[in-house]
Protein chains: 2
Amino acid sequence: MHNRLCYVAQLPTKCQYLLEILMRMRALADQNTKKTTIYDLAQLAGTSAGTVSAVLNGNWKKRRISEKLATKVRNLADEHGYALNMQASTLRKEKSGIIGMVVPMYDNRYFSSIAQTFEKMARAAGYFPIVTCTQRDPELELTAARTMLAYQVEYLICTGATDPDKIHDLCAPAGVPTLNLDLPGKKASSVISNNYAGAFKLTQKILAAASERSQGSLFVGGREADHNTQERIRGFRDAHAEIGITVTEGQILACGYASEKASAALSTFLKDAVEPPAAMFVNSTISLEGVVTSLREKDRALQDNIVIGCFDWDPFAALLGDHIFMVRQDVETMMNAVFSMINEGNHDELRTIEVPPIL
Amino acid sequence: MHNRLCYVAQLPTKCQYLLEILMRMRALADQNTKKTTIYDLAQLAGTSAGTVSAVLNGNWKKRRISEKLATKVRNLADEHGYALNMQASTLRKEKSGIIGMVVPMYDNRYFSSIAQTFEKMARAAGYFPIVTCTQRDPELELTAARTMLAYQVEYLICTGATDPDKIHDLCAPAGVPTLNLDLPGKKASSVISNNYAGAFKLTQKILAAASERSQGSLFVGGREADHNTQERIRGFRDAHAEIGITVTEGQILACGYASEKASAALSTFLKDAVEPPAAMFVNSTISLEGVVTSLREKDRALQDNIVIGCFDWDPFAALLGDHIFMVRQDVETMMNAVFSMINEGNHDELRTIEVPPIL
DNA sequence: GTTTATTGCACAATCGATCACGCATCAATG
DNA sequence: CATTGATGCGTGATCGATTGTGCAATAAAC
């Protein structure tokens with residue numbers, strides 16, 4: 001290959017000369033930084049690039065290359081710190097081995113555990129995982145998806161995406177299957193927690209723990225628009241109905257997930273309320289942060305008197321007191337479901353898998 | 001380009017015919033999934049691939065392409081959901097725009113905040129961030145670095161790496177500069193917290209808060225081998241020395257970071273000790289998790305009686321009680337330092353930047 | 001009307017790895 | 001000695017985007 005001077009062959013001699021000096025200087029400067037390619041190794045081993053490639057990517061037996069040459073090439077590769085150029089490999093093979101995931105945030109145990117488990121399992125399955133967090137920004141979600149497409153991801157996992165179907169529409173024409181995690185979508189298969197059952201049980205638990213009092217209960221956090229919040233509210237209501245209590249609209253504060261919003265919503269509620277609630281269902285650890293802060297500010301003792309159930313787990317939050325119950329979403333099982341769907345490879349049949357959370 | 005049949009041109013006619021049918025079937029099946037390329041767009045626009053490329057990557061003015069043709073191409077690209085093939089682009093440009101980071105874990109606020117901030121700033125600087133967590137496994141650290149090299153990263157940030165210098169040795173021959181974050185290395189510039197000063201002040205604080213008692217203090221968590229732990233121990237000792245106390249070896253439990261290890265180490269200490277310590281310096285939130293769990297198990301009241309200083313921050317841990325102090329490492333400032341070093345582009349001069357943590 | 005400048009674009013080489021073909025060499029068989 | 005088969009490896013096209021170069025066509029200048 002690859003005579004870098006070939007297209008200047010017709011230049012006047014003097015010009016050629018200068019150019020050659022320039023090239024040589026550049027080569028000198030690059031000596032230690034330029035990456036070794038299979039062509040370099042081929043030259044060193046006195047063989048061809050195709051052979052080097054076959055040796056290094058493992059199918060040299062198929063190509064009937066001698067053990068001796070193979071070891072020679074491998075040794076040279078080690079010596080020179082050869083690293084495969086993935087871009088070239090991907091371009092030729094038309095298969096990147098990359099699996100992408102978008103996630104709203106890293107800064108709580110649920111999502112960071114998702115990211116970490118995803119990476120581990122993806123690697124175990126032979127993929128190269130790329131995770132990107134989209135800061136709960138719908139625009140960024142799409143941009144991130146587009147970028148992932150540009151990098152030729154083979155799958156895209158949309159975790160807690162605000163509009164997973166739009167991402168699907170972006171990926172489908174490119175032949176890239178998507179999968180929804182945590183929040184379901186209508187156009188691709190989904191793996192989510194069994195929010196209803198989890199919320200139902202959690203509500204039962206806090207109602208039982210607060211049974212000696214009767215000042216009522218509260219649901220804090222989340223967005224009414226999203227599926228998970230809806231299901232959890234349904235579980236919350238039904239657990240009340242079971243013991244003959246009807247939940248009113250005023251008891252539902254779906255104010256968003258952000259901690260400040262939960263804090264603000266709770267504060268206004270408490271100001272208007274005659275008495276503080278006996279039990280609270282908090283829709284995420286992020287919201288819980290706001291709730292506990294808010295209670296602390298208002299009245300140090302208050303926190304210890306309200307029974308709290310939180311749909312999500314955090315080790316320190318769990319240590320906050322005996323009156324606080326947490327359900328932990330089963331990330332391991334959810335991610336296993338994700339990868340078994342990927343391995344199955346059937347992307348036509350849409351499924352929704354609901355994984356029971358751990359109480 | 002790119003007649004996909006060209007090298008079968010000499011086959012017998014019948015064979016050619018069958019092959020063509022096969023190709024056509026494949027084309028039909030691919031229709032909706034095959035990615036659009038600049039060649040497709042060129043054909044549709046009645047122009048050349050080079051022109052399409054120039055239009056879409058923005059230097060069409062330099063190439064003197066008419067506004068009219070440019071908009072035509074752009075419209076076609078939109079219609080057909082064209083996505084750039086980054087592998088091809090990178091291969092040709094020999095510049096990936098990818099910036100990599102390895103991080104030990106995601107599951108605590110410090111590292112997850114690092115990952116999140118890194119992504120945000122990398123994107124703002126025009127890079128594509130790839131973050132990978134290496135589970136504190138030295139082997140995986142190297143494998144991850146090698147993989148990143150294969151993906152042609154332009155920089156590699158090593159966060160909390162057990163052996164950043166080995167990663168540097170891997171990257172240097174490939175011309176990829178590295179940078180150490182959180183834990184320093186000897187072969188590349190480093191951005192770290194000012195561990196000594198932070199530990200000194202934190203120790204002062206817990207000693208003052210526990211001053212009415214005299215049962216002594218304890219240092220829990222971390223590894224004596226790593227720089228951060230050494231510096232924090234030094235700060236811990238000096239803050240004691242300042243008020244005339246000498247710290248003995250028995251007071252230092254550098255048992256590793258894992259929560260179970262901290263828990264175990266503390267339990268054995270408490271078993272042998274005459275009295276529990278008045279103050280404890282805990283080296284990370286992970287270790288704190290073990291410490292608090294251990295105290296809880298032993299004696300519910302114990303936790304409220306020991307003054308704890310933790311070198312790291314977590315919102316719920318901070319809410320655990322009034323007797324617990326946390327220093328928060330200044331991730332924003334640290335990451336700004338990282339990116340300003342990258343933008344400077346001077347990788348010869350080795351520097352270590354120490355960022356004061358926030359008390 | 002010829003020369004020069006400018007505009008607008010096509011062409012083809014190139015990045016590094018992969019893989020379908022095919023060519024040499026040597027041993028074994030008839 | 002000719003034929004067949006196996007062994008071992010080189011050749012060249014290819015993936016999609018980028019970019020240096022060159023060639024028309026039109027406009028401007030003389």
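Chain naming here is simple, since letters A, B, ... match the order of the sequence lines and numbering starts at 1 in each. Computed from a predicted model, the values in this text were never measured in an experiment. All heavy atoms count here, side chains included; hydrogens, waters and symmetry mates do not.
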Output the rounded distance in Å from CD1 (A:Ile38) to P (D:dT11). 13 Å
Under 4.0 Å: is that the gap between some side-chain N or O of B:Ser66 and OP1 or OP2 of C:dG8? no
Got A:Pro129 and A:Glu119 here, is their nearest side-chain heavy-atom distance under 4.5 Å? yes
On DNA chain C, does the nearest nucleotide to B:Gly46 precede the nearest nucleotide to B:Arg92 from the 5' side, or the other way round? Give the residue. B:Gly46
Taking NZ from B:Lys61 and C1' from C:dT6, how many angstroms apart are they, rounded to a whole number? 19 Å
For C:dG8, does OP1 or OP2 lie under 4.0 Å from any side-chain N or O of B:Thr51? no
Any carboxylate oxygen within less than 4.0 angstrom of a Lys/Arg side-chain nitrogen, looking at B:Lys72 and B:Glu67? no
Interatomic distance where NZ belongs to B:Lys95 and C1' belongs to C:dT14 [whole Å]: 18 Å
Using whole Å, what does the distance between atom C1' of nucleotide C:dA17 and atom NZ of A:Lys35 come to? 15 Å
Taking atom C1' of C:dC9 as reference, at what distance in whole Å does atom NZ of B:Lys68 sit? 13 Å
Assert: residue with more 5' nearest nucleotide on DNA chain C, out of A:Arg64 and A:Asn57, is A:Asn57
Any donor-acceptor pair under 3.5 Å between the side chain of B:Arg63 and the base of D:dG20? yes
Would you kindly give the OH-to-C1' distance between B:Tyr39 and C:dA10, to the nearest whole Å? 12 Å
Whole-Å distance separating the CG atom of A:Leu41 from the C1' atom of C:dT18: 15 Å
Mind checking B:Thr90 for me? I need base, sugar-phosphate or nothing, with any heavy atom below 4.0 Å counting as a touch. nothing
Taking any heavy-atom pair under 4.0 Å as a contact, classify A:Leu69: base, sugar-phosphate, or nothing. sugar-phosphate
At under 4.0 Å between heavy atoms, what does B:Ile65 touch on the DNA or RNA strands: base, sugar-phosphate, or nothing? sugar-phosphate
Can we say B:Glu344 and B:Arg351 salt-bridge, meaning some charged N sits less than 4.0 Å from an Asp/Glu carboxylate O? yes
Nucleic acid contacts - residues 75-89 of chain B versus DNA chain C, non-hydrogen atoms under 4.0 Å: none
Taking NZ from B:Lys93 and C1' from D:dT18, how many angstroms apart are they, rounded to a whole number? 8 Å
When you check the gap from the basic side-chain N to the acidic O, do A:Lys34 and B:Glu94 get nearer than 4.0 Å? yes
Roughly how far, to the nearest 0.5 Å, is the CD1 atom of B:Ile130 from the CZ atom of B:Phe118? 9.5 Å
For A:Gln87 and B:Ser96, run side-chain hydrogen bond (donor to acceptor under 3.5 Å, both in side chains): C-alpha distance rounded to whole Å, both residues' side-chain angles, the deciding distance at 0.1 Å, then the answer. CA-CA 9 Å; A:Gln87 331 291 342; B:Ser96 68; 5.5 Å; no
Should B:Ser48 be listed as having a side-chain N or O under 4.0 Å from OP1 or OP2 of C:dC11? no
Consider only side-chain N and O atoms of B:Arg123 and A:Thr132, and report whether a donor and an acceptor are under 3.5 Å apart. yes
